[in-house]
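This is a predicted model, so every value here is computed, not measured.
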Amino acid sequence: MPQSKVQDDAVLLHQAMNLRALVDHVGAYFYAKDLEGKYLFANQAVCDIFGAPLEDVIGATDHRFVDTGKHAGLLVNDRRVFEDGVEVHEEEEINLLSGECRVFWSIKVPVRDGGGRVIGLCGISTDITQRRRAADHLIERNVMLSTVLSNIDASVYLKDSEGRFLYVNQRVADLYGRPPEEILGRTDADLLAPEVATRLMQMDRTVLASKTRQAREEVVVGPDNVPHHFWSIKLPLQFPGQPTCLIGFSSEITELMELRQSLARQRVTDPLTGLANRVQFEEELDLELRVAERHQMQLAVVLLDIDQFKYINNSLGQDIGDQLLRAVAGRLRAYGDELGGLARLSGDEFVLFVPRLASAEGVAHLIERIRTGLAEPFELQGRPLHLTVSAGISVYPDDAHNCAALLNHAEAAMYYSKERGRDQARFYSRAMGEAVALRLELERDLRGALAAGEFELHYQPKIRSSDGKVAGFEALLRWNRGGRGLVSPAHFIALAEQLGLLVQIGMWVVEEACRQMAAWRAQGLPQLPVAVNLSPSQLASPALVEQVAQAMTRHGIAADGLEMEVTESMMMEDPEQAIAILHTLRRQGVKLSIDDFGTGYSSMAYLKRLPVDTLKLDRQFVTYVASDTRDADICAGMIALAHKLGLSVVAEGVETEEQRAALAVRECDLFQGYFFSRPLPADQATTFIRDRS
């Protein structure tokens, strides 16, 4: 071989070795492949990643070292170079047979022969696995952060120094009614009404100018035209080399504000009628009293109370009662221009004041107009309901100088109106105040009388006309008021009904009457029926029937042993309900009688349907039965009517022999009155039974 040729080969070999050494240490993967994908050249990095010596790599394909089934992109890119002759710049992910997964950025270029045909490819790949993982982690963190910010219960946003949005979470997008991409790069002035945007941007400018944290309430009116209240915290944010920007967190407090306003309204508003309550009324009255004092004017306070509202509520139901109270409030509002204040104090009590009062006659005329207006029937559930009101009036400065005293005096006058027959208005007087003070004291003692054991029953006998023997008793309630002696029933029965105490007291009466009958039976005395009086509230009580049955069972009272007396006017308030309850009582063996018959307005059509056993003639007919022919004829007619209906008749209030004789002639069955006996305590009634037996 010529010397020159040897020298040239040596140079080429040296250059190749230098090139090989350079390619092996460049930090990338160099390789060449033929059209079948066989490696023609590979640097040391390729050998290292495949874990094979160069002689095993050369002539082999990727299938020997890589799981090409999982990532076909590697072969796809090679085919593009071979078939299309294009240069490929792509990210490639490969799974080595060892199980390791790597990511590369690959550049593959076609290798051509002298005719321009593609005969292979030459490639260089850079390992970007760590960079890719870092990028994926960053993306995951950004997605997670975006998800958190989008679901956080607050509006989160980022603005640049000009107020342009750089970031908004979903809450902001929902508030502005736009997708986030339509908000970014725009300002509040671009998105909201000028007056709303001006207030928001003013706070932003304060934060950016002072570079301090700001927190305050903000109001945003979005596309829904509804004010949304927020508590906003905004802070300056400084990125390196960038102007100061702003990050904000706004929590909506609209519901909290509404709740706060609702609580404030509830503090001063009656929830049933929407009128002012006592708190608000007293505040308004205090202000008006200062005005009246400064200008030396009069002022009237008026308390209105619906008559017998408790009975309406008990008999027709609380729902009807509530509807009635709302209707009354509506009518009272109609006088608003003439009133300085109007409120519902409690229950069925309403109060108003009349400022700048010219005269007592003026307020009297106003109250009379109000009472007349309230007397018009109320249509509730398709039925007319009539009511009356009692009113009490106190005047500043004549009666008192402060709110509390004026209210107390108006209440005293109102109670005086009720005690004088209801359905009227009264002005306060000092004597009236003293009477009301006594009444309040009576009320206090009455509330505790049952628990203190101060009630007792007295028994007035009923005498048979035929033989003069005892036919039974009427149990009459007596109150032995602590330290005061017996109180007349006329002074406390009506009050107990008003206070809602008669249901409980009435059941005590039933229990005590049954106990006394059992005691007489145990002493070997004849079994005599005892009658007790039912109150309107008892007749309306759903527990009446069961409680009466339990009392009779507990004391072993036989059928017809217990009798109950009801007034005809009480039954006629709701005849159908009364008839149903009385029939149930009668089926339990309770005898029934109508008290004070002839004084009410009962219908004979209802009378024949009532399951009563006895009629009681009222004493106003009995008093003159022996001296007034008209009373005698009335008694005779009622006795004859009762007998036609199969009922017995008791004449109450018999005080003379002449009355007894006149009634006996007219075939009255039973007598009751002082002529025979006053109501007797239990021990004296026992003696009376023995004597008469």
Side-chain angles (χ1 to χ4, degrees), residues 305-322 324-325 347-348 380 383 385-390 415 418-419 421-423 443 446-447 449-450 455 474-477 479 489-511 513 531-548 551 562-586 590-603 606-607 609-612 614-616 618 652:
D305 187 273
I306 300 174
D307 294 328
Q308 294 184 307
F309 178 76
K310 187 180 296 292
Y311 175 74
I312 295 173
N313 218 28
N314 291 339
S315 59
L316 302 182
Q318 186 174 343
D319 183 56
I320 291 292
D322 289 347
L324 179 61
L325 291 174
D348 59 332
L380 297 176
R383 60 185 293 180
L385 184 62
H386 298 264
L387 61 83
T388 60
V389 295
S390 298
Y415 280 127
K418 285 189 175 294
E419 291 173 357
R422 299 189 292 267
D423 191 21
E443 176 182 324
L446 182 57
R447 289 184 184 277
L450 188 59
F455 289 120
E474 178 181 0
L476 298 168
L477 182 65
W479 177 21
H491 290 159
F492 74 86
I493 293 294
L495 178 58
E497 182 75 82
Q498 292 175 17
L499 298 177
L501 301 176
L502 268 191
V503 171
Q504 187 178 7
I505 295 173
M507 280 316 305
W508 177 88
V509 171
V510 171
E511 184 77 23
V532 298
N533 292 281
L534 276 182
S535 68
S537 55
Q538 278 182 283
L539 191 57
S541 172
L544 172 66
V545 173
E546 182 179 357
Q547 290 175 340
V548 170
L562 180 67
E563 184 175 347
M564 288 190 164
E565 297 183 2
V566 292
T567 63
E568 54 175 321
S569 58
M570 181 177 79
M571 288 190 300
M572 292 308 115
E573 291 290 341
D574 191 340
E576 297 302 329
Q577 182 187 23
I579 290 170
I581 292 175
L582 294 179
H583 272 290
T584 304
L585 288 171
R586 192 68 190 88
V590 177
K591 296 181 67 175
L592 300 167
S593 64
I594 299 179
D595 199 5
D596 301 334
F597 184 73
T599 62
Y601 45 89
S602 60
S603 164
Y606 282 122
L607 180 59
R609 295 173 55 197
L610 292 171
V612 295
T614 306
L615 298 185
K616 296 190 73 174
D618 187 68
E652 59 182 355

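- In this view, Glu563 and Ser593 satisfy the side-chain hydrogen bond (donor to acceptor under 3.5 Å, both in side chains) rule, not counting sequence neighbours.
- Scanning for side-chain contact (heavy atoms from CB on, under 4.5 Å) contacts around Ala475 gives Leu457, Tyr459, Val530, Val532, with sequence neighbours left out.
- Residues satisfying the salt bridge (charged side-chain N to carboxylate O under 4.0 Å, His left out) test with Lys591, not counting sequence neighbours, are none.
- Counting heavy atoms from C-beta on, the side chains of Gln538 and Leu502 never come closer than 4.5 Å.
- How far CG of Leu380 is from CG of Asp319: 9.5 Å, rounded to the nearest 0.5 Å.
- In this structure, the side chains of Asp595 and Glu652 come closer than 4.5 Å at one or more pairs of heavy atoms.
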Output side-chain donor-acceptor pairs under 3.5 Å for residues 539-547, partner residues at least two apart or in another chain, one line each.
| from | atom 1 | to | atom 2 | distance (Å) |
| --- | --- | --- | --- | --- |
| Ser541 | OG | Ala543 | N | 3.3 |
| Glu546 | OE2 | Gln550 | NE2 | 3.2 |

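- The line from NZ of Lys418 to CG of Asp305 is 4.0 Å long, rounded to the nearest 0.5 Å.
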Verdict with reasoning, Asn533 to Thr567, per side chain to side chain contact (heavy atoms under 4.5 Å, CB included): CA-CA 9 Å; Asn533 292 281; Thr567 63; over 6 Å; no
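- In this structure, CG on Leu501 lies 10.5 Å from CD1 on Ile493, to the nearest 0.5 angstrom.
- His583 NE2: more than 12 foreign heavy atoms inside a 6.0 Å radius.
- Asp348 places none of its side-chain heavy atoms less than 4.5 Å from the side chain of Val389.
- Taking CD1 of Ile505 as the start and CG of Leu446 as the end, the distance is 5.5 Å to the nearest 0.5 Å.
- Two residues are said to be in side-chain contact when any heavy atoms from C-beta on lie closer than 4.5 Å; Glu474 and Lys616 meet this criterion.
- Between the CD atom of Glu497 and the CG atom of Leu495 there is a distance of 10.5 Å, given to the nearest 0.5 Å.
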Let's go through Val510 and Met564 carefully: what are the C-alpha distance in whole Å and the side-chain angles of both, what is the deciding distance for side chain to side chain contact (heavy atoms under 4.5 Å, CB included) to 0.1 Å, and is it a yes or a no? CA-CA 9 Å; Val510 171; Met564 288 190 164; 3.9 Å; yes
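- A heavy-atom distance below 4.5 Å is not found between the side chains of Leu534 and Glu565.
- With contacts defined as side-chain heavy-atom distances shorter than 4.5 Å, the pair Leu477/Phe492 qualifies.
- By the side-chain hydrogen bond (donor to acceptor under 3.5 Å, both in side chains) test, Ser390 is found to be paired with Asp307, residues two or more places apart in sequence or in another chain being considered.
- In this view, Arg422 satisfies the side-chain hydrogen bond (donor to acceptor under 3.5 Å, both in side chains) rule with no residue, not counting sequence neighbours.
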Check the pair Ile306, Leu325 against side chain to side chain contact (heavy atoms under 4.5 Å, CB included), reporting the backbone distance first and the verdict last. CA-CA 9 Å; Ile306 300 174; Leu325 291 174; 3.9 Å; yes
